[in-house]
Structure formats: structure tokens, C-alpha cells
Visitor: 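Following this message is one structure expressed as C-alpha cells.
Residue numbering restarts at 1 for every chain, and letters A, B, ... go by the order of the sequence lines.
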Amino acid sequence: SYGSVFTHAKAGMENVDRERVARVVYDATVGTPHHENETRKERATSKRIAAMKAKGQGMTKTEWETFGRRADERARAMERTRSGARKWLVVDMDGFYAACEELYDPALKSVPVGVAAGPSSVLTTANYVARKYGVRAAMPGFIAKKLCPDLVFVKPDFKKYVKASNESRGVFAQYNPDYIAGSLDEAYIEVTEYCEKHDTTMEAIAEEIRSKVKEATGGLTCSVGGGCSRRLAKVCSDFNKPNGQYILGTTRDDILKFLRDLPVRKMYGIGKTLERILNEFDIKTCGDLLAKRATMLALFTPKAFDFLLGIALGIGTECHPRETPEGSGGRKGVSKSETFKATADKAYLDAKMTELATEVALECQRLNLKGRMVAVKLKRSTFDVIQRQTTLAGPTNDVKTIVNSALRLMRNENSIGANMTLRLVGA
DNA sequence: ACGTGAAGGACCC
DNA sequence: AACCAGGGTCCTTCATGT
């Protein structure tokens, strides 16, 4: 199953020869430390699946019936919270970084483009020409080059992206200044009040936003999804990508029909691993998820069950995160990390860690934030990650305190495992 | 039984 | 020949103390 990250459907990749992509990825990576590490993680997942299956098989018929009744009860309880009253739009820019680069150099439009820091680092974005070859975001440059030898690499230039992002945000603010910026290229906008006040619809606003964003950015396109919750709007934003929109109805019937055949992998929060686990229990779509709710309740943790049931029913995330206790806090952390040619040189690693920890402290000062905990992240040449953390006496953003804590945490590890060869450090 | 800190991971863009 | 980011959030598990 290795490589499934790069073969699952993504906008603009419908006609890609997935077999070929899988083969090229495999041939290019088999035997590398990264591949070994992926295999290790897959084995851990296999073990987890085996434990879940054993637990399921060990349960009696009576126990299963109890889980069935309780799962039904949870579903009924969740149903009671269903409300189609809110109207959410999600705007997602199409191939954002690549599209920004094309704006400055239109010649790029007709050639395959990958935006990456270097030809061997991972792509942050691929334009739609490149996607035809199976090239996509998160793919290492050297594999992308194998799939598409003519691929043109462009280094990311965040000034361009911030500018375009601000231009698009000016449009979002017209509909709700309290929009949620998911990232530079994505926003959640609640338009319930706007629709009410201006007697309009999500469809009409989505059209407006798409044309205004194109205007404001000088030609960038975006896709818009709409629905009665952030979750549903988000999944809809991908439905007619690129340069399209899809507004889902807000009745229970509309939602369940939509979800019935929707692959679970499309939902925010379900990635490669969870997809694999669910597949093992014959769950491919959100409809399957609903049907197998008793299994979910029996085998997943309570939080995970609630999350999955919410997906299956299309309930949850109707409100702004600030309306919930958990979401009301601000920034949780500040970090800096860097990958380099793997080395065991202690002087080099110390210098790197000092540099990064200093940047973190300065960034905290700039943001007027203080931290109660310092953590370091070390990635070995074998790609396994070591994290070490320490709680401070009190909140601080003092450079010396943060640098010394980070160095102490790293040196501690270095003295235990002789010859630790690292390819990344971070604080 | 429960809160808390630490470590590891999954996931998102 | 070798080459797989960097910024985040959240959850789970385990050890530990009360």
C-alpha cells in the first residue's frame, strides 16, 4: 500500500495512470531509509488492526447487540442536535502557489510546474499541467521529476502568496469580517446573516466571491463549497475543483444522500492510515460508516467514535470554533525546524539548534507570547522522530532560557545514543 | 478515579 | 548516486502523583 498517498484522487488527477505512478514511486524509493520508516509505520498500523479485529472476534453476540443498541442511541442523540440553520462557505484557491507564480510568469501556464524549495525537497504545489502526470503536492521533487522529466521547479516566494492571500481576504471580509483563515489559500466564511440581511443564497454568494477573487488577485481562480457546517462546506469545496462550486442542501435528506457514496477519505481528518483501518472493516464510504456504527463504537475510543459518527451523519462543526470552549484559545505554539544533510557533528547540531531556538524566542517576543514548555524535535537519518519536552518554571520568551532548555534536551539524547545522526532539528 | 506531564503519531495545508 | 518540507492542531497512551 506504500505510495497510496500519491495515488488517491485529487483535483486534476482523474485521468492519471495510477498504476504507473505507484510503480515509479516504488522503484524510486524501495530500500531507502524513508521507505523503511514508512514500512515500520505500516507494520505498526497492521498490529493495531489485528488487535482491533481480535477484540471484535472475542466479543459475544450479546455484547455486539449491546454495542448496536448503544450506537443507535448515540446516533439518535446526535440527531437531536442536527440543525440546518447555518450557512457556511469554504473558499479554496486552486493550485495556489503555482497559480501565483503563473501570474508573474504566464509562460509557466503551459508547462508542468512544481513549487519546491529545491529539486529534491517536497513539492508544496503542482500546477494542473503537472498533475496530469501524477505530480502533486507533498511529493518529493526527485520522484516528480521521474514522473514528469520536463517538470519545471520554482522556488516558493511567500511575498507573492501573502499579497494574493490578502487580496482574496478583502473579498471574504465583505461577507463576514469574522471569517476563519484556514491557511493562506483557504477560508471558512459563515454567511447566515449575510443571506438573511441581503435576501440572497449561498449559490449566489459563491458566484460573486469567485468572480471578485479573480478580479482582486488579477486572475487567480478558486473553488467554493457550501453547506450548513464547516465540515460539509469543506468537502464540497473539492467537489467541482478547479474554478467551480458546489452547494449542498441543508436538509437531513440532502446530507445523507450526499454522504452515502462519498469515500471516507474525502473527509477532513481522515487520512491514509485511518482510511486503511476503516477499509479493513469494509468501510469505504460515509454511508458504510453509518451502517457499521456498532463496530466503530466497539473498537474505537469514545472521541474517535464521536468524530466518525459526526462524519457519518453530517453533524458537527456548525458553529464558529470560538463558540466552543476548546476553540476560544489563541495560538498554542511557535516552532522552527530545518532539514539538512544528515550529520552526527555535535558542534553543527548545537549551532543549528541554538539558531532555531533563538528564532523561536524572538518570534514569541514579536507575537508577545510566552511559553510554559520547550520541546525539541530530532529526526534521525532513519527518518524516525524523537521528541523531548520540558516544562519551565514559568511562562517565558527569554532567548537564553529557551536556547539552554533546547540544547539540554538535545544533548541529553545525544549522550544516550552514541553517534546520533540527525537530518533535522527543531525547537 | 482522575489530573498532569511526556512521548509518539495522524492529519492538515 | 542520491535525493521525502515546515508550519501547525489534536488525540492517544503511559507513567506518575494525589
Side-chain angles (χ1 to χ4, degrees), chain A residues 2-3 5-6 10 25 28-29 31-38 40-42 44-45 48 51 90 92-93 95-97 114-125 136-146 153 155-156 158 161 165 181-188 231 234 237-238 265 267-277 300-308 321 326-327 329-342 356 359-360 363 372-379 381-392 409 412-413 423-427:
Chain A
Y2 178 70
V5 217
F6 299 136
K10 173 131 170 115
V25 171
T29 58
T32 61
H34 182 268
H35 182 266
E36 293 297 314
N37 192 52
E38 287 302 305
R40 174 185 67 82
K41 286 196 278 185
E42 280 179 8
T45 305
R48 197 175 147 195
V90 167
D92 197 285
M93 302 298 291
F96 186 53
Y97 294 180
V115 180
S120 72
S121 55
V122 304
L123 271 52
T124 58
T125 331
R136 50 165 296 170
M139 180 176 276
F142 74 95
I143 295 177
K145 193 80 183 173
K146 285 205 163 74
F153 287 95
K155 285 202 187 349
F158 279 86
Y161 316 149
S165 182
S183 60
L184 285 181
D185 78 322
E186 184 188 71
Y188 292 74
R231 180 171 21 233
K234 167 74 176 162
S237 72
D238 197 53
R265 184 66 159 88
M267 301 300 302
Y268 185 97
I270 298 189
K272 175 183 175 235
T273 303
L274 195 45
E275 179 190 37
R276 191 187 147 200
I277 294 172
F300 283 90
T301 61
K303 272 219 159 81
F305 172 77
D306 285 344
F307 166 68
L308 293 170
E326 315 87 65
R331 190 76 180 261
K332 303 279 196 323
V334 175
S335 70
K336 294 268 177 222
S337 64
E338 199 182 305
T339 297
F340 38 78
K341 195 171 169 316
L356 293 162
E359 284 175 31
V360 166
E363 178 72 358
R372 290 176 10 250
M373 192 265 288
V374 172
V376 301
K377 171 171 165 168
L378 313 170
K379 193 186 275 180
S381 56
T382 47
F383 282 86
D384 50 330
V385 174
I386 299 165
Q387 294 170 83
R388 294 293 179 262
Q389 61 180 81
T390 179
T391 302
L392 302 168
L409 287 167
N412 222 342
E413 286 315 301
R423 70 188 319 280
L424 170 148
V425 299

Visitor: Can you see which heavy atom on A:L308 is nearest to which on A:I270, and at what distance?
Guide: CD2-CD1, 4.2 Å

Visitor: Whole-Å distance between B:dC12 C1' and A:L184 CG?
Guide: 14 Å

Visitor: Nearest-Å distance, CG (A:L392) to P (B:dA6)?
Guide: 10 Å

Visitor: Less than 4.0 angstrom between a side-chain N/O of A:T339 and OP1 or OP2 of C:dG6, yes or no?
Guide: yes

Visitor: Closest-nucleotide mapping onto DNA chain B: is A:I270 or A:L409 further toward the 5' terminus? I mean the 5' end.
Guide: A:L409

Visitor: Check the distance between C:dC3's P and A:M139's CE and give it to me in whole angstrom.
Guide: 18 Å

Visitor: Picking from C:dA5, B:dC11, C:dG7, which would you name as closest to the side chain of A:R331?
Guide: C:dG7

Visitor: A:M267 near the nucleic acid: base, sugar-phosphate alone, or nothing, with a heavy-atom cut-off under 4.0 Å?
Guide: sugar-phosphate

Visitor: Closest to the A:A304 side chain: B:dC13, C:dT12, B:dG8?
Guide: C:dT12

Visitor: Output the single nucleotide from C:dT12, C:dG8, B:dC13 whose closest atom is nearest the side chain of A:E186.
Guide: B:dC13

Visitor: Whether A:K379 and A:E338 form a salt bridge (side-chain N of Lys/Arg under 4.0 Å from carboxylate O of Asp/Glu) is what I want to check.
Guide: no

Visitor: On a whole-Å scale, what distance lies between the P atoms belonging to C:dC11 and B:dG3?
Guide: 16 Å

Visitor: Go ahead and name the base partner of C:dA1; Watson-Crick or wobble counts if both distances stay under 3.5 Å, otherwise write none.
Guide: none

Visitor: List the steps, then state whether ring-ring contact (aromatic ring centres under 6.0 Å, His included) holds for A:Y97 with A:F158.
Guide: CA-CA 8 Å; A:Y97 294 180; A:F158 279 86; 5.4 Å; yes

Visitor: Rounded to the Å, how far apart are A:F307 CZ and C:dC11 C1'?
Guide: 11 Å

Visitor: Identify which one of A:H35, A:K41, A:H34 satisfies the side chain to side chain contact (heavy atoms under 4.5 Å, CB included) criterion when paired with A:N37.
Guide: A:K41

Visitor: Ignoring backbone atoms, establish whether A:R40 has a side-chain N or O less than 4.0 Å from OP1 or OP2 of B:dG9.
Guide: yes

Visitor: From the set B:dC12, C:dG8, B:dC13, return the single nucleotide nearest to any side-chain atom of A:R265.
Guide: B:dC12

Visitor: Could you work out which one of B:dG9, C:dT13, C:dG7 sits closest to the side chain of A:T301?
Guide: C:dT13

Visitor: Could you tell me whether the phosphate oxygens of B:dA7, OP1 or OP2, come under 4.0 Å of any side-chain nitrogen or oxygen in A:Q389?
Guide: no

Visitor: Check this one for me: any side-chain N or O of A:K303 less than 4.0 Å away from OP1 or OP2 of C:dC10?
Guide: no

Visitor: Taking only side-chain N and O atoms of A:T124, does any of them lie within less than 4.0 angstrom of OP1 or OP2 on C:dA5?
Guide: no

Visitor: Rounded to the nearest 0.5 Å, what separation is found between the CD atom of A:Q389 and the CE atom of A:M373?
Guide: 4.0 Å

Visitor: What is the distance, rounded to the nearest whole Å, between atom CZ of A:F383 and atom C1' of C:dA2?
Guide: 11 Å

Visitor: From C:dA5, C:dC3, C:dG8, pick the nucleotide closest to the side chain of A:F142?
Guide: C:dC3

Visitor: For B:dA1, give its Watson-Crick or G-U wobble partner with both distances under 3.5 Å, or none.
Guide: C:dT18

Visitor: Return the value, rounded to whole Å, for the distance between atom NZ of A:K377 and atom P of B:dG8.
Guide: 12 Å

Visitor: Using only side-chain N and O atoms of A:K234, determine if any of them is under 4.0 Å from OP1 or OP2 of B:dC13.
Guide: yes

Visitor: Please check the phosphate of C:dG6 (OP1 and OP2 only) for any side-chain N or O of A:S335 closer than 4.0 Å.
Guide: no

Visitor: Take the protein atom CD of A:E363 and the nucleotide atom P of C:dG6, then report the distance between them rounded to whole Å.
Guide: 16 Å

Visitor: So if I take every side-chain heavy atom of A:K332 and compare against C:dG7, C:dC10, B:dC11, which nucleotide ends up nearest?
Guide: C:dC10

Visitor: If you find the nucleotide of DNA chain B closest to A:R372 and the one closest to A:R388, which residue's nucleotide is nearer the 5' end?
Guide: A:R372

Visitor: More 5' along DNA chain C: A:A28 or A:P302, using each one's nearest nucleotide?
Guide: A:A28

Visitor: One thing to verify: whether A:K234 and A:E186 come together as a salt bridge, which I'm taking to mean a side-chain N less than 4.0 angstrom from a carboxylate O.
Guide: yes

Visitor: Between B:dG9 and A:R48, is there an OP1 or OP2 to side-chain N/O distance shorter than 4.0 Å?
Guide: no

Visitor: Taking the nucleotide of DNA chain C with the nearest heavy atom to each, does A:G330 or A:K379 sit closer to the 5' end?
Guide: A:K379

Visitor: Within the structure shown, what part of the strands sits under 4.0 Å from A:L123 by heavy-atom distance: base, sugar-phosphate, or nothing?
Guide: nothing

Visitor: Any idea which heavy atoms bring A:T124 and A:A137 closest together, and the distance?
Guide: O-CB, 3.3 Å

Visitor: Rounded to the Å, how far apart are A:Y268 OH and C:dC11 C1'?
Guide: 13 Å

Visitor: Taking only the side-chain heavy atoms of A:K41 (C-beta and beyond), determine which of C:dG8, B:dA6, B:dA10 contains the nearest atom.
Guide: B:dA10

Visitor: Give a yes or no on whether a salt bridge exists between A:E363 and A:K336, defined as a side-chain N under 4.0 angstrom from a carboxylate O.
Guide: no

Visitor: Describe the nucleic acid contact of A:G118 in one word from base, sugar-phosphate, nothing, applying a heavy-atom distance below 4.0 Å.
Guide: nothing

Visitor: For B:dG5, does OP1 or OP2 lie under 4.0 Å from any side-chain N or O of A:T391?
Guide: no

